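Here is the structure we will look at, set down as structure tokens.
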Amino acid sequence: MTRPLGITVSRHIMDSQRLHPEATGDLTGLLNELIVAAKTISAEVNMAGLADILGMSGKTNIQGEHVQKLDDFANNTIKRRMARCGYICAMTSEEEADIIPVVEGYEGKYTLAFDPLDGSSNIDVNVSIGTIFSIHRRLSPDGGPGDESDLLQPAGRQVAAGYIIYGSSTMLVFTTGEGVQGFTLDPSVGEFFLSHPDIRIPEKSKYLSVNEGNYRYWQEPVRRYIEYLKEEDRATGRPYSARYIGSMVADFHRNLIAGGVFLYPSDSKDPTKPYGKLRLLYEAAPMAFLVEQAGGRAITDDGLEISEIQPDGLHQRVPLVVGSRRDVDLYQEFIRGQR
Ligand code: AHM
Ligand code: MG
């Protein structure tokens, strides 16, 4: 018996590079190194119930959140591998307050922003979690270390972005600006194979992903939009069904494949965090790039395109509405007072 000859992710990346004679191979090298880090994390996540890796590390991160042992493991795995890969000049991570330098002499022409393990609250309970990444070309001259300005670039200037979801299987979903491709890890051979070529998000959906426990803290247009989606009207496919996992990677992935709208709007729950929970550089920006490449849309809760925001801090938060284009367009009508 033979297995079908699948396209590996490295083959796919090299084939795409061939279409760009000007390419130096650095982005290919960068993605390949990142994929090795992802496979390492995936192996550890799969062992989570058995190895002594569940629970808290005892540390608190820049956001004041308790760091889980697996968060720490994932952060160190990416940081250590990428610091001497030779393709990037600086990094930022959800788990680190300051810019992360690379090893001297290994500075490359890209930057990397990442959330090593998103969905921390789901780590210990065997629910899908993920790694998110965002890559920009550096602004400062090549050679020498990168600085904060290299990382503080709008989402619309990303050269690649994606995530690895550790779910019922491990998948890598990414874009380099030429559509969105999905690869599934075959753990028996340790390779990602192309399983979801050219992913397109359905234009309109019937799924709503939001933490409705925060309802009382939302602004009026958000409440009205959610109420509207819950009303009954067969002609417009309402009421929508609710799907909320609490790991953005998992919620986003579901919506990308099946259609859906995900919201993490600003709320008045905690006056020190007026812009919701999600961070621009390594949560909202990569998802915006992916969804746009798949035919969807990503805006803030007051209607700004995520791709156009000029970041002013490594850990800046941003309210996010992302998903099927017509569902996001509809949300915009609510904030414009058209509904
Ligand atoms: P984390 O990066 O600390 O894991 O937090 C981000 C996560 C997202 O994955 C998810 O969308 C959100 O937090 C869920 O938050 P809430 O529990 O407030 O609904
Ligand atoms: Mg996160």
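In this chain, residues are counted from 1 in sequence order. Each ligand, and each atom within it, is numbered from 1 in the order the structure gives. All values reported here derive from a predicted model rather than from experimental measurement.
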Proximal ligand 1 atoms for Glu283, defined as those under 4.0 Å from one of its heavy atoms:
2 (O), 6 (C)
Contact partition for Ser120 relative to ligand 1, non-hydrogen atoms under 4.0 Å:
both
Charged N to carboxylate O under 4.0 angstrom, Glu33 versus Arg84?
no
Quick one: do Arg138 and Glu107 make a salt bridge, cutoff under 4.0 Å?
no
By number and element, which atoms of ligand 1 are closer than 4.0 Å to a non-hydrogen atom of Ser247?
9 (O)
Any atoms of ligand 1 less than 4.0 Å from a non-hydrogen atom of Gly119? List them with their elements.
4 (O), 9 (O)
Hey, is Arg279 touching ligand 1 through its side chain, its backbone, both or neither, going by heavy atoms under 4.0 Å?
side chain
N-O pairing of Arg326 and Asp329 below 4.0 Å
no
Would you call Arg279 and Glu94 a salt bridge, taking side-chain N to carboxylate O under 4.0 Å as the test?
yes
Once the angle between the rings of Tyr244 and Phe262 is folded into 0 to 90°, is it parallel (under 30°), tilted (30 to 60°) or perpendicular (over 60°)?
parallel
By number and element, which atoms of ligand 1 are closer than 4.0 Å to a non-hydrogen atom of Asp118?
1 (P), 2 (O), 4 (O), 6 (C), 7 (C), 8 (C), 9 (O)
Pairing of Glu305 and Arg297 as salt bridge, 4.0 angstrom limit
yes
Provide the atom name of the closest N, O or S atom of Glu94 relative to the Mg ion (ligand 2).
OE1
Compute the angle centred on the Mg ion (ligand 2) spanning OD1 of Asp118 and OD2 of Asp115, and express it rounded to 10 degrees.
90°
Verify side chain to side chain contact (heavy atoms under 4.5 Å, CB included) between Thr24 and Lys109, making sure each step is shown before the conclusion.
CA-CA 11 Å; Thr24 57; Lys109 63 184 184 207; 2.9 Å; yes
Atom indices of ligand 1 within 4.0 angstrom of Met248 heavy atoms, with elements
8 (C), 9 (O), 10 (C), 11 (O)
Heavy-atom contacts with Phe262 under 4.0 Å: which atoms of ligand 1 show up? List them by number with element.
11 (O)
State plainly whether the residues Arg325 and Glu203 are in salt-bridge range, i.e. N to O under 4.0 Å.
no
Polar atom proximity, Ser121 to ligand 1 (N or O, under 3.5 Å):
no
As a test of reading the structure, name the N/O/S atom of Glu283 that is nearest the Mg ion (ligand 2).
OE2
Under 4.0 Å from a heavy atom of Glu94: which atoms of ligand 1 are those, numbered in the order shown and with their elements?
1 (P), 2 (O), 3 (O)
For ligand 1, which atoms have a heavy atom of Asp115 less than 4.0 angstrom away?
2 (O)
Quick one: name the residues clustered hydrophobically with Leu330, using the 4.5 Å side-chain heavy-atom rule over I, L, V, M, F, W, Y, and just say none if it's on its own.
Leu208, Val210, Tyr215, Trp218, Val222, Tyr225, Ile226, Tyr228, Leu229, Tyr240, Val261, Leu263, Ile299, Val321, Val328, Tyr331, Phe334, Ile335
